[in-house]
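Chain A is the first sequence line, chain B the second, and so forth, proteins listed ahead of strands; every chain is numbered from 1.
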Amino acid sequence: MKDKYNFSEIEKRWQDKWAASDVYKAEVDDCKEKYYLLEMFPYPSGKLHMGHVRNYSIGDVLARYLKMNGKNVLHPMGWDAFGLPAENAAIKNGIHPDSWTTDNMAEMKAQLNTLGLSYDWDREVATCKPDYYKWTQWIFTQFFKHGLAYKKKNPVNWCPSCETVLANEQVVDGACERCGTPVGKKDLSQWYLKITDYADRLLTDMDELDGWPTKVKTMQKNWIGKSTGAEVDFDIDGYDEKLRIFTTRPDTLFGVTYMVLAPEHPFVESLVAGTEYAAQVKEFKDKLQYLSDIDRNSNTLEKEGVFIGRYAINPLNGASVPIYIANYVLMDYGTGAIMAVPAHDQRDFDFAKKYDIDIIPVVDPANADIDLENLTEAFVATGTMIHSGEFNGLDSAVAKEKISEYVKEKGFGEKTDNFRLRDWLISRQRYWGTPIPMIYCEKCGWVAEKDENLPVLLPTDVEFTGKGESPLTTSKTFRETTCPNCGGKAEREIDTMDTFLDSSWYFLRYTDARNDEEAFSKDKAKYWMNVDQYIGGVEHAILHLLYARFFNKFLYDIGYAPTSEPFKNLLTQGMVLKDGTKMSKSVGNVVSPEEIINKYGADTARLFILFAAPPEKELDWSDDGVAGSFKFLSRVWRFIFDMWQYIDGIKSDATVKSDADKKLAFALNQTIKKVSGDIEKRFNFNTAISSIMELVNALYKYKDAIGTDQFNPALLRDAIEKLVLLLAPFAPHLCEELYAELGGEGFVYNAQWPEYDENAIKNDSVEIVLQINGKVKEKITVDADLSRDDLLAYVESIDATKALIDGKEIVKKIAVPGRLVNFVIKG
RNA sequence: GCCAGAGUGGCGGAAUAGGCAGACGCACUGGACUUAAAAUCCAGCGGUUCGUGAGAACUGUACCGGUUCGAUCCCGGUCUCUGGUACCA
């Protein structure tokens, strides 16, 4: 054994050995319990950052721990490889997105390997390769064939800078998620997936997801945003069609004093055509168009609208109320039209005050200090119904039900749920994505490409200008084709898919990544699914996880995926910060993993990032802290080197022979128990590591026994061997080396996790606390197996207690064996 | 505004089920080793007060209150911070 911990030599050597073997290869084995451990795959930007290191270190510790505990572990890795940066690089530097991406993947894979991660690279997937996107396309055609993919012309979010359509999810505060440019609107014919058909199940099935953080479930629930209410039809005076509105407050129907349509509502044009109101309606709509979504969606924006010269008839009481268009009603929620009840909705109240519209209260707040005839703000809580005909006197919550039923009986409308979730717009006017495998035929309409013709390959004769329509239009060969249905002349869809589709099923592909007959075999998926533990950043809490659940449910429904939910347990890791803020180039506080690995080695980097904070919390990077982790690993190495003269060539034996032995065995077994629990049950790697540090401290203490009859080399060797196993998931290179030095067979990766000896952590005596009135006064050592009564009797009898009680009256006696005795005294 | 989550030494954090607050590490201080430094090993390290001293007393987990023999932990209220979300009818 060498005297110095030469991490760079050790790490290189073991990485080569792992690569030359098939240790990390996973195979279906019905005799073994499987464990599918998955970390979110990265976008191949080219450089690994600390967030990756944290994510993958967490996963790797779990993978190695579970493997050592006999599980058949599937631990794959791949690349979320389509996306805008590759295309931007192509526009800027003239490098083809494919070669840019392929180079980056190679570079990042090399970096991942320097971290010593236990991936089964035989299952590597890259979403941009035809052998993968063939099946993304196939899944899309399945959506189409099941009526869940449709094309719709709609005003869509349009980023004038990226010149692309954005999903609602990609619009942040009215600005483009990528470049921050305010988003405008544009009419385009786009493909949508009907995720709203799954809204209810995506919501209710979350109750099964016990292993998900509440935070993530709440975020998804809010995103899906279910509201229960009713849709009600209002007649419009002198107009053929009925106006349908959605309301969550059917109980306030008698309080309606006006109606509002979204300016984009399809009725608006024809309602005002040829009237004196047409001009001001047009003026109002034009004014709104120039507002960005930032202003449009801000609730600080004053409510504005115009009367359109028409009246609606309240189906319940026949009242005639004016119709407005206004900036606070949105076309893409509900029906794009509302009934306005100013007395009981703050927005309506503000609008009514401004335009001097009637305010009719219909819910009386019982016992409240509110003057209903002179409201200063809307009353939104429940109360007793008034001014509501036959419903007067009912509790408003009851009236809500009754009026809903009444509306339904009379044929005025129906009870409905409304979701905030919209259908998923998946068309992108981009090159570097999965081509949408659809063909337009004059005769047959939109037809899916035949399965045997998949994949629809991305053409290579494409120009990257960064402007205008989809780059695929510049290909001379791509667009023209024949109709799969009638064989006539037809055109291919020239848009590509949102990259979120690629990542919505990759976890299924990993179960059978090299299959060129199917997306994955049902048998293999059945063995491996679902993912036992999924680990990734909380920034994917809504979109990726919702889309992946949607895909998985769809594939489950059509008989391919074996489970209705893909991810059984979810761990969302916190961000890596430096000096209290997110690492970013603009702040100049980026610490590169490469730099740390070069300076201290991968084992130190892994150990520090796991030790500094529990995984779900934010982690503040500390250069001193890293040095400390390196010091610890060196300390381990040095200890074993120093002890080598005693333990070399002897056989380990856990038999305890002396008091010093007893202390060491206690520390060792305690640590085994704690580390196992911390990894498996709590994912608290920080405390697992701290207890290993305590074990090392105990080993250093044991050195005092050297040269005395207390010293027992066989036990020392036993402790050292187990220490190496305990540390192996965290610092795999170092521990492979030490394991080999200690004569271990094969890889420590395949070694058996140590078990603890319950007897060794049992103590004959235990220190308890003596409290007087709940305050700690003395520490007393007593027999560990004393019963509650015996403990009390013993403690009461000793002199220290008598002195503390000092003849005063004991009001109450509390004893908790193994912990404390508390006397409550008076006077 | 609404919905989550958090607030503990100089710092990162620990206390797993209501039972010794501050494990472990960093930083710092002292000692040993060294010609010296680094490295290493050993020890100390919340605050206040008292004591020459070993030590002792009090106090302390954002703030105010409650439940309890006992509260970092449970309950009510307040403040601050972080994340999500927002004319969603």
Can you pull out the residues from residues 614-630 of chain A that lie within a 4.0 Å heavy-atom distance of RNA chain B?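 Contacting residues: A:P614, A:E618, A:D624, A:G628.
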*asked:* Under 6.0 Å from the ring centre and within 45 degrees of the ring axis: does the NZ or CZ of A:R635 meet both conditions for the six-membered ring of A:Y700?
replied: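 Because its charged atom sits under 6.0 Å from the ring centre and within 45° of the axis, A:R635 does stack over A:Y700.
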| Who pairs with A:D417 by salt bridge (Lys or Arg N to Asp or Glu O under 4.0 Å), at least two apart in sequence or on another chain? |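 A:D417 satisfies salt bridge (Lys or Arg N to Asp or Glu O under 4.0 Å) with A:K226 only.
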### Task
Classify the glycosidic conformation of B:rG44 as syn or anti, calling it syn when the angle lies within 90° of 0.
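What B:rG44 shows is an anti base, its glycosidic angle lying more than 90° from 0.
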Say you pick atom [atom1] in [N] and the same atom in [M]; how far apart are they, in whole Å?
N	M	atom1	result
B:rC11	B:rU85	C1'	33 Å
B:rG44	B:rU34	P	24 Å
B:rG22	B:rG60	P	15 Å
B:rG18	B:rG66	C1'	15 Å
B:rG9	B:rU48	C1'	15 Å
B:rG12	B:rC28	C1'	15 Å

* Asked: How about A:K701: does its NZ atom have over 12 heavy atoms from other parts shown lying under 6.0 Å from it?
  ->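 Atom NZ in A:K701 is not crowded, with 12 or fewer foreign heavy atoms closer than 6.0 Å.
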**Prompt:** Should we count NZ of A:K599 as having more than 12 external heavy atoms under 6.0 Å?
**Reply:**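 Result for NZ/A:K599: open.
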For [N], which nucleotide in any strand shown is its Watson-Crick or wobble partner with both distances under 3.5 Å?
N	result
B:rC87	none
B:rG70	none
B:rG25	B:rC11
B:rG30	B:rC42
B:rA56	B:rU49
B:rU61	none
B:rA6	B:rU80
B:rA36	none

If the threshold is 4.0 Å, N to carboxylate O, is there a salt bridge linking [X] and [Y]?
X	Y	answer
A:K813	A:E796	yes
A:E767	A:K779	no
A:R249	A:D345	no

Q | Nearest-nucleotide comparison on RNA chain B, the residue closer to the 5′ end among A:N686 and A:K703 | A |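 Taking each residue's closest nucleotide, the earlier one in sequence belongs to A:N686.
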| message | Reading RNA chain B from 5' onward, which residue's closest nucleotide shows up sooner: A:F246 or A:E694? | response |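 Taking each residue's closest nucleotide, the earlier one in sequence belongs to A:E694.
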[N] [atom2] sits how many Å from [X] [atom1], rounded?
X	N	atom1	atom2	value
A:F685	B:rG25	CZ	P	20 Å
A:F641	B:rU40	CZ	C1'	14 Å
A:K701	B:rC41	NZ	C1'	12 Å
A:E231	B:rC88	CD	P	17 Å
A:K578	B:rC26	NZ	C1'	15 Å
A:F730	B:rG25	CZ	P	15 Å
A:K582	B:rU82	NZ	P	15 Å
A:R682	B:rA17	CZ	P	8 Å

Would the [X] and [Y] ring centres measure less than 6.0 Å apart?
X	Y	value
A:W424	A:F500	no
A:F611	A:F685	no
A:F412	A:F234	no
A:Y355	A:Y258	no
A:F7	A:Y600	no

**Prompt:** With no hydrogens and no angle check, is any side-chain donor or acceptor of A:H344 less than 3.5 Å from a backbone partner on A:T252?
**Reply:**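 Here the side-chain-to-backbone pair does not exist.
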Among [options], which nucleotide has an atom closest to any side-chain atom of [X]?
X	options	value
A:M693	B:rG19, B:rC24, B:rA21	B:rC24
A:A613	B:rU85, B:rG13, B:rC24	B:rG13
A:V776	B:rU16, B:rC58, B:rC20	B:rC20
A:T247	B:rA21, B:rC88, B:rA89	B:rA89
A:Y328	B:rA89, B:rC87, B:rC24	B:rC87
A:F611	B:rG12, B:rC20, B:rA15	B:rG12
A:R638	B:rC41, B:rG84, B:rC88	B:rC41
A:N697	B:rA89, B:rG83, B:rG25	B:rG25

| If you look at every strand shown and take non-hydrogen atoms under 4.0 Å, does A:K631 touch a base, only sugar-phosphate, or nothing? |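 Counting heavy atoms under 4.0 Å across all strands, the contact made by A:K631 is with sugar-phosphate only.
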Please work out if A:K779 contacts a base, only the sugar-phosphate, or nothing of the nucleic acid, heavy-atom cut-off 4.0 Å.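 The residue A:K779 makes base contact.
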Would one find a side-chain N or O of [X] under 4.0 angstrom from OP1 or OP2 of [N]?
X	N	answer
A:S691	B:rA23	no
A:K775	B:rU59	yes
A:R420	B:rA86	yes

Does the base of B:rC41 carry an N or O that pairs as donor and acceptor with the side chain of A:R635 under 3.5 Å?
->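 It does not, because no donor-acceptor pair links the side chain of A:R635 to the base of B:rC41 below 3.5 Å.
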Polar atom pairs (N or O), protein with nucleotides 65-71 of chain B, under 3.5 Å:
| residue | atom | partner | partner atom | Å |
| --- | --- | --- | --- | --- |
| B:rC69 | OP1 | A:K812 | NZ | 2.9 |
| B:rC69 | O2' | A:N822 | ND2 | 3.4 |
| B:rC69 | O2 | A:N822 | ND2 | 2.4 |

